[in-house]
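Counting begins at 1 with the first residue of the sequence. Note that the structure is a prediction, hence the values are computed from the model and not measured.
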Amino acid sequence: MLPIADNSDQWIEFIGGPFDGYRQQYLSTKKPLAPDVVWLVTNASLRQRGHGDCIKPTVENSLTSVALYALDDGSPLANYRYAGTIGPRAFTNVMAELKRPA
């Protein structure tokens with residue numbers, strides 16, 4: 001995650017879901033934002049939200065779910081709206097399908 005900066009910088013805000021209200025600095029106005037964002041949710045990621053701390057892998061921060069966010073094109077600000085959650089097993093299955101040769 002990017003460090004917290006002052007309000008004069010550009011920000012992306014996440015609305016709804018487990019990361020509701022989280023703001024992240026957006027450093028480039030030249031590149032378009034991704035249409036969708038996937039957040040891996042762990043107990044540790046929820047605790048460190050907004051602190052910019054590095055999370056070390058442990059059993060405590062194993063994957064609990066995956067939060068899906070979609071870019072809100074109708075907003076004048078850079079916002080991602082919560083689109084839903086999937087469990088770790090479903091996410092693993094989706095990733096396995098993506099890796100499978102066509």
Ignoring hydrogens and angles, write down the donor-acceptor pairs under 3.5 Å from the side chains of residues 65-78, residues two or more places apart or on other chains.
residue : atom : partner : partner atom : Å
Tyr69   : OH   : Gly16   : O            : 2.8
Tyr69   : OH   : Phe19   : N            : 3.1
Asp72   : OD1  : Gly74   : N            : 3.1
Asp72   : OD2  : Arg81   : NE           : 2.8
Asp72   : OD2  : Arg81   : NH2          : 3.4
Ser75   : OG   : Leu77   : N            : 3.2
Ser75   : OG   : Leu77   : O            : 3.1
Ser75   : OG   : Asn79   : ND2          : 2.9

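Each salt bridge (Lys or Arg N to Asp or Glu O under 4.0 Å) pair with one or both residues in residues 33-44, not counting sequence neighbours, would appear here, but there are none. Screening residues 83-94 for salt bridge (Lys or Arg N to Asp or Glu O under 4.0 Å) gives no qualifying pairs among residues at least two apart or on separate chains.
Partners of Thr92 according to the side-chain hydrogen bond (donor to acceptor under 3.5 Å, both in side chains) rule, which considers only residues two or more places apart in sequence or in another chain, do not exist here.
Note: Gln24 CD to Phe14 CZ = 6.0 Å, rounded to the nearest 0.5 Å.
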| Derivation and outcome, side chain to side chain contact (heavy atoms under 4.5 Å, CB included), residues Tyr82 and Asp20 | CA-CA 8 Å; Tyr82 178 66; Asp20 184 43; over 6 Å; no
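Hydrophobic clustering (ILVMFWY, side-chain heavy atoms < 4.5 Å, transitive): Val41 and Ile12 are in one cluster.
Aromatic ring centres of Trp39 and Tyr22 lie closer together than 6.0 Å.
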